Structures are given as structure tokens and as C-alpha cells.
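Reading through the C-alpha cells given below for one structure.
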Amino acid sequence: MAHASYILISFLLVVVLNVAKGQPLVPALFIFGDSVVDVGNNNDLYTIVKANFPPYGRDFSNHSSTGRFCNGKLATDYTAENLGFTSYPPAYLNLNVKGRNLLNGANFASAASGYYDPTAQLYVNIYLQHTIPLSQQLKHYKESQDILVGIVGQSNASSIVSGAIHLNLYALGARRIGVTTLPPMGCLPAAVTLFGSGSNECVVRLNTDAVNFNKKLNTTSQSLQNSLSGLKLVILDIYQPLYDLVTKPSENGFFEARKACCGTGLLETSILCNKESIGTCVNASEYVFWDGFHPSEAANKVLSGELLAAGISLIS
């Protein structure tokens with residue numbers, strides 16, 4: 001059901017430099033992607049691909065299930081903290097007032113989406129479930145730009161956009177772009193269960209696919225940087241950091257990397273990971289994965305540090 005969760009692990013960081021003392025390093029953070037970074041955009045969609053119920057969010061503030069596919073914070077939540085924000089970019093579809101709330105950014109991500117519309121359409125065709133593909137997320141972002149113009153004026157809004165970090169948004173004025181690679185997809189607990197032929201090891205062919213994709217991503221990114229005027233493009237590697245957590249868990253402070261915390265830890269995600277799931281672990285911080293597809297809060301904290309280090313040049 002949620003096999004597309006990592007198809008679009010890439011998230012977009014839209015940021016603007018702000019050197020005012022005591023202020024966040026960047027005044028706004030805008031995020032695009034799938035369930036890895038969705039903070040609740042799917043909550044009100046007609047879909048079973050949701051995470052707005054226990055035990056999701058059990059280690060989040062107030063122990064609340066917000067729609068995050070995690071026991072607590074996402075890597076992007078930690079990124080916001082690392083940049084100096086005191087709150088996280090809210091789900092764009094859940095904003096009560098799409099006005100000044102946007103000045104600190106927004107999250108456009110939607111679980112089960114992908115780079116291409118057919119990925120999202122697959123869920124509609126097979127499961128009659130809806131999601132927000134990247135193309136629609138970009139439309140929402142363009143809508144947010146228009147709202148920003150109404151709040152701060154065209155000149156200020158243009159400065160925000162041109163000084164921000166984006167993914168594939170050059171035509172909308174982006175000049176600072178950060179793109180995450182695909183993770184070791186063959187190491188996800190559900191992937192090992194479904195495609196590991198009874199082994200408890202990472203599925204080599206799936207990891208090879210991810211590595212090949214990432215090589216092409218690097219090549220394409222270099223080409224874009226050479227051909228697009230004023231573009232600053234950085235590839236943020238998520239593959240190696242997560243692979244290291246999975247293959248060397250004890251060296252990184254984890255106890256379990258094959259099984260996830262929720263339920264049996266072999267497959268469950270979304271509605272299959274619920275408060276009735278038998279076997280859910282007590283301490284998720286010992287696990288690399290929270291459910292069959294998504295990292296735990298503890299793993300997200302490690303990954304966010306790696307992403308911040310790799311992306312320093314985008315905010316300097």
C-alpha cells in the first residue's frame with residue numbers, strides 16, 4: 001500500500017538568509033515531498049494513507065498524532081530547530097488562515113505522492129485513494145507566493161523567492177536548490193520482508209536501483225548548474241547516512257535495524273500501524289525505523305544533522 005513512501009524522499013527547503021541577531025538563520029522553511037515529510041496534509045484527504053492516530057506521534061509534543069509518519073519528530077522538524085525556528089512549518093492544507101502564517105513557511109508534502117503524477121494516480125486507480133502529487137504541490141506553492149505578495153508586496157516576495165532554497169522550482173524564481181538522494185530502499189523493513197526472499201539482509205537489487213538513480217541525479221544536477229544562470233544546487237545525500245544506521249546500528253546507538261518499532265516491525269505502516277498492533281516496542285529510540293517504511297524520531301535526528309552539514313553552503 002505504501003510502497004511509494006520513499007519514491008519521493010526528496011524534500012524542499014525554501015529558505016531566505018536572515019542575519020539579524022537572535023533570528024533564525026532563515027526566515028522561512030517550505031517543504032515538499034511524500035510521507036517521509038508529510039505533517040498532516042493527508043489528514044483531510046479521502047485516503048487510508050494517514051498517520052493521524054495512535055501510536056503515531058506518541059513521542060511528539062503533547063503525545064499528539066499530527067499526521068507525521070513517525071513516533072515523534074521528522075528530519076525536517078529537526079532541520080527547523082537547527083535553523084533556529086521555534087515552531088515547525090505547518091501542513092499547507094491545514095492552515096486555518098493562509099496569511100501571515102506563511103511568513104514562517106509551510107509544508108506541502110503528501111503521503112503516497114511521487115516525482116510523477118502517475119505515482120499518485122496509481123493509488124486512485126487501484127485503491128480509490130487520493131494524494132497530492134508533486135505537480136499539485138507546486139501549484140500550492142505558487143498559490144502561497146501570490147499570498148505572500150499580498151502580505152509583503154511584490155518586491156519583498158520576489159526577494160524571498162530568489163534568495164530561497166528549492167527543488168525543481170527554477171522557473172518560479174528559485175536560485176538556491178537542495179535535493180536529497182534516494183535512501184537505501186532495499187533496507188526498509190517492509191522491503192526486506194516483501195522482497196528479501198526470507199533473508200534479513202538489505203535487498204541488493206533495490207539498493208542498486210537507488211544508487212543508480214542517485215548517480216543520474218548527480219549528473220543531472222551538475223548539468224543544470226552549468227546551464228542555468230545564477231543557480232546554486234546542492235545534492236544532500238541521505239543514502240549513506242541511513243545505510244550506515246541500518247548496517248551498523250550498535251555503533252550509532254541503536255539496538256534494532258531489521259524490524260521497526262510498530263507491531264511486528266516487518267510490514268506495518270499507516271492504518272496497519274495502530275493502537276491495537278501487537279508487539280509495538282516500548283522504547284522507539286532504540287529502533288532505526290518506526291514503521292515498515294519510515295525512520296524513527298531518533299534516526300531522523302541523526303539524519304537531520306547529516307542533511308544540515310551537507311547543506312550549509314545553501315545558507316552561507
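Numbering of residues begins at 1 and proceeds along the displayed sequence. Fair warning: this is a prediction, and the values are worked out from it, not measured in the lab.
Residues Leu138 and Lys142 fail the side-chain proximity criterion, which asks for heavy atoms closer than 4.5 Å. Contact annotation: the side chain of Lys259 never approaches that of Thr264 to less than 4.5 Å [non-hydrogen atoms, C-beta and beyond]. A 4.5 Å side-chain heavy-atom check between Leu45 and Ser110 finds at least one atom pair inside the cut-off. Between His130 and Asn42, every side-chain heavy-atom pair lies at or beyond the 4.5 Å cut-off. Side-chain atoms of Glu306 and Gln240, non-hydrogen and from C-beta on, never get closer than 4.5 Å to each other. Two residues are said to be in side-chain contact when any heavy atoms from C-beta on lie closer than 4.5 Å; Tyr78 and Glu297 meet this criterion. Looking at Cys70 and Asn300, their side chains come closer than 4.5 Å, going by heavy atoms from C-beta outward. Looking at Arg258 and Thr193, their side chains come closer than 4.5 Å, going by heavy atoms from C-beta outward.
Note: Ile132 CD1 to Lys139 NZ = 12.5 Å, rounded to the nearest 0.5 Å. Atom CG of residue Leu266 and atom CG of residue Leu272 lie 12.5 Å apart, to the nearest 0.5 angstrom. In this structure, the separation between CG on Leu93 and CG on Asn107 is 9.5 Å, given to the nearest 0.5 Å. With rounding to the nearest 0.5 Å, the separation of CD1 in Ile31 from CG in Leu29 is 4.0 Å.
Checked by atom type, the side-chain pair Asn62/Ser64 shows no donor-acceptor distance below 3.5 Å. Counting only N and O atoms by type, the side chains of Asn71 and Arg58 include no donor and acceptor under 3.5 Å apart. A donor-acceptor contact closer than 3.5 angstrom links the side chains of Thr181 and Asp237. Under the 3.5 Å distance criterion, with hydrogens and angles disregarded, no donor-acceptor pair is assigned to the side chains of Gln225 and Ser221. Remark: the Asn218 side chain and the Gln222 side chain contain no N/O donor-acceptor pair separated by less than 3.5 Å. Looking only at atom types and distance, the side chain of Thr131 has no donor-acceptor partner in the side chain of Ser113 under 3.5 Å away. Donor-acceptor pairing under 3.5 Å is lacking for the side chains of Gln137 and Tyr92.
Shortest non-hydrogen contact noted between Leu308 and Leu83 is CD1-CD2, 4.2 Å. Nearest heavy-atom pair, Pro90 versus Val39, reported as atom, atom and distance to 0.1 Å: C-CG2, 4.1 Å. Closest heavy-atom contact between Gly263 and Thr280: N-OG1, 2.9 Å. The heavy-atom pair separating Ser270 from Val49 by the smallest distance is OG-CA, 3.4 Å. Contact record, Asn274 with Pro55: C-CD, 3.2 Å, taken as the closest heavy-atom pair. Across Ser65 and Ala51, no two heavy atoms sit closer than the pair CB-O, 4.1 Å.
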> Are Val302 and Asn252 close enough, and set up right, to give a side-chain contact (heavy atoms from CB on, under 4.5 Å), and what steps lead you there?
Replying inline: CA-CA 9 Å; Val302 175; Asn252 291 282; 5.5 Å; no
> Should Cys261 and Asp291 be marked as a side-chain contact (heavy atoms from CB on, under 4.5 Å) after you check the CA-CA gap, both sets of side-chain angles, and the distance that decides it?
Replying inline: CA-CA 6 Å; Cys261 172; Asp291 67 15; over 6 Å; no
> Could you go step by step and tell me if Lys73 and Phe60 meet the side-chain contact (heavy atoms from CB on, under 4.5 Å) rule?
Replying inline: CA-CA 6 Å; Lys73 299 173 186 176; Phe60 197 64; 4.0 Å; yes
> Could you walk me through whether Phe254 and Lys248 pass the side-chain contact (heavy atoms from CB on, under 4.5 Å) check?
Replying inline: CA-CA 8 Å; Phe254 293 92; Lys248 297 178 287 188; over 6 Å; no
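At a threshold of 4.5 Å between side-chain heavy atoms, the hydrophobic network of Ile, Leu, Val, Met, Phe, Trp and Tyr places Leu228 and Val179 in one connected group. The cluster map of Ile, Leu, Val, Met, Phe, Trp and Tyr, joined by side-chain heavy atoms under 4.5 Å apart, puts Phe30 and Ile151 in the same cluster. Taken together through direct or relayed side-chain contacts under 4.5 Å among Ile, Leu, Val, Met, Phe, Trp and Tyr, Tyr239 and Val192 form parts of separate hydrophobic clusters. Phe293 is not connected to Leu206 by any chain of hydrophobic side-chain contacts under 4.5 Å among Ile, Leu, Val, Met, Phe, Trp and Tyr, and they are in different clusters. By the rule that hydrophobic residues join a cluster once side-chain heavy atoms approach within less than 4.5 Å of another member, Leu267 and Leu188 end up as members of separate clusters.
Other residues, nucleotides and ligands place no more than 12 heavy atoms under 6.0 Å from the CD atom of Glu201. Other residues, nucleotides and ligands place no more than 12 heavy atoms under 6.0 Å from the NZ atom of Lys301. The neighbour count for Tyr243 OH, taken as heavy atoms of other residues, nucleotides or ligands under 6.0 Å away, does not exceed 12.
A side-chain hydrogen bond (donor to acceptor under 3.5 Å, both in side chains) with Arg68 is found for one member of Thr76, Asp38, Asn52, Asp77 and no other, namely Asp77.
Between Tyr56 and Trp290, the two ring planes are perpendicular [angle over 60°; tilted spans 30° to 60°]. Between Phe69 and His294, the angle of the ring planes lies from 30° to 60°, which puts this pair in the tilted group.
Every pair tested for salt bridge (charged side-chain N to carboxylate O under 4.0 Å, His left out) that includes a residue from residues 180-196 fails, sequence neighbours excluded, so the list is empty.
Between Cys262 and Cys281, the SG-SG separation does not fall below 2.5 Å.
Taking the six-membered ring wherever Trp is involved, the centroid distance between the rings of Phe32 and Tyr141 falls below 6.0 Å.
Note on Asp209 versus Arg205: no salt bridge recorded, every NZ/NE/NH1/NH2 to OD/OE distance being 4.0 Å or above.
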